[in-house]
Amino acid sequence: MTRLLKALGDETRLRMVALLAHGELCVCHLESALELSQPTASRHLAVLRAAGVVDSRREGTWVHYKLARQADPDCKGLMRSLASGFARRHLLRQDLERVLRKKGPGSCR
């Protein structure tokens, strides 16, 4: 629980989790939606991965991320509560709109 809370204690990482609550995304989508450089996005994603918040898979040169299943019931409940609260945040809705504009066939190039 402590690692999870520390990882979520950063606004950028919380915004990443909010986007990933809608499903798997390529790192390029996260970079674009949050207007981050590749090194900055990777650093934040590494923290989330180390805390067990996200899982990743490689497809060619791209890495795709999704929220990890939480085995601990308390962590699972916390993640569920966060995801339900994201929709009420204006900034997070804007992030999601940017992802939807960027996402599509051939968008990872």
Side-chain angles (χ1 to χ4, degrees):
M1 179 66 85
T2 303
R3 283 186 358 195
L4 176 70
L5 290 172
K6 282 183 180 181
L8 296 174
D10 178 89
E11 181 180 356
T12 300
R13 291 192 290 269
L14 195 56
R15 290 169 68 192
M16 287 178 161
V17 169
L19 292 172
L20 292 169
H22 293 279
E24 182 180 75
L25 292 171
C26 176
V27 68
C28 71
H29 295 131
L30 294 167
E31 291 170 15
S32 176
L34 302 177
E35 299 172 332
L36 299 173
S37 66
Q38 186 276 324
T40 300
S42 292
R43 186 172 58 250
H44 284 295
L45 288 163
V47 170
L48 292 171
R49 197 171 42 248
V53 178
V54 298
D55 287 328
S56 63
R57 70 174 178 84
R58 182 169 291 281
E59 186 175 307
T61 59
W62 297 103
V63 180
H64 297 262
Y65 291 88
K66 66 179 181 177
L67 293 181
R69 288 190 115 97
Q70 299 297 318
D72 181 285
D74 293 331
C75 292
K76 188 176 187 174
L78 175 63
M79 292 297 290
R80 190 176 299 128
S81 293
L82 284 172
S84 68
F86 290 144
R88 294 187 298 270
R89 300 278 189 216
H90 180 69
L91 178 61
L92 300 177
R93 283 195 311 267
Q94 288 176 327
D95 292 343
L96 184 58
E97 288 170 8
R98 280 193 295 276
V99 163
L100 292 175
R101 281 194 302 269
K102 167 78 174 156
K103 201 172 174 182
S107 65
C108 298
R109 292 182 195 252

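Only this structure's heavy atoms are used, side chains among them; waters, hydrogens and symmetry mates stay out.
Not counting sequence neighbours, the partners of K76 by the side-chain contact (heavy atoms from CB on, under 4.5 Å) test are Q70, R80. Considering only residues two or more places apart in sequence or on other chains, L4 meets the side-chain contact (heavy atoms from CB on, under 4.5 Å) condition with M1, L8, V53, C75, L78, M79.
Contact check for L34 versus M16: side-chain heavy atoms found under the 4.5 Å cut-off. Residues R57 and E24 meet the side-chain proximity criterion, which asks for heavy atoms closer than 4.5 Å. By the 4.5 Å heavy-atom criterion applied to side chains, L30 and L36 are not counted as neighbours.
Of all non-hydrogen atoms in A21 and L67, the two that sit nearest each other are CA-CD1, 3.6 Å. In terms of heavy-atom proximity, A7 sits nearest to A51 at CB-CB, 3.5 Å.
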Please tabulate, for side-chain N and O atoms in residues 41-48, each donor-acceptor pair with protein atoms closer than 3.5 Å (sequence neighbours left out).
unit_1 : atom_1 : unit_2 : atom_2 : d
S42    : OG     : Q38    : O      : 3.1
S42    : OG     : Q38    : NE2    : 2.7
H44    : ND1    : R13    : NH1    : 3.2

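Here D95 pairs with R15 in a salt bridge; the nearest charged N to carboxylate O distance falls below 4.0 Å.
Side-chain contact check for Y65 and R49: at least one donor-acceptor pair (N or O, by modelled atom type) lies under 3.5 Å.
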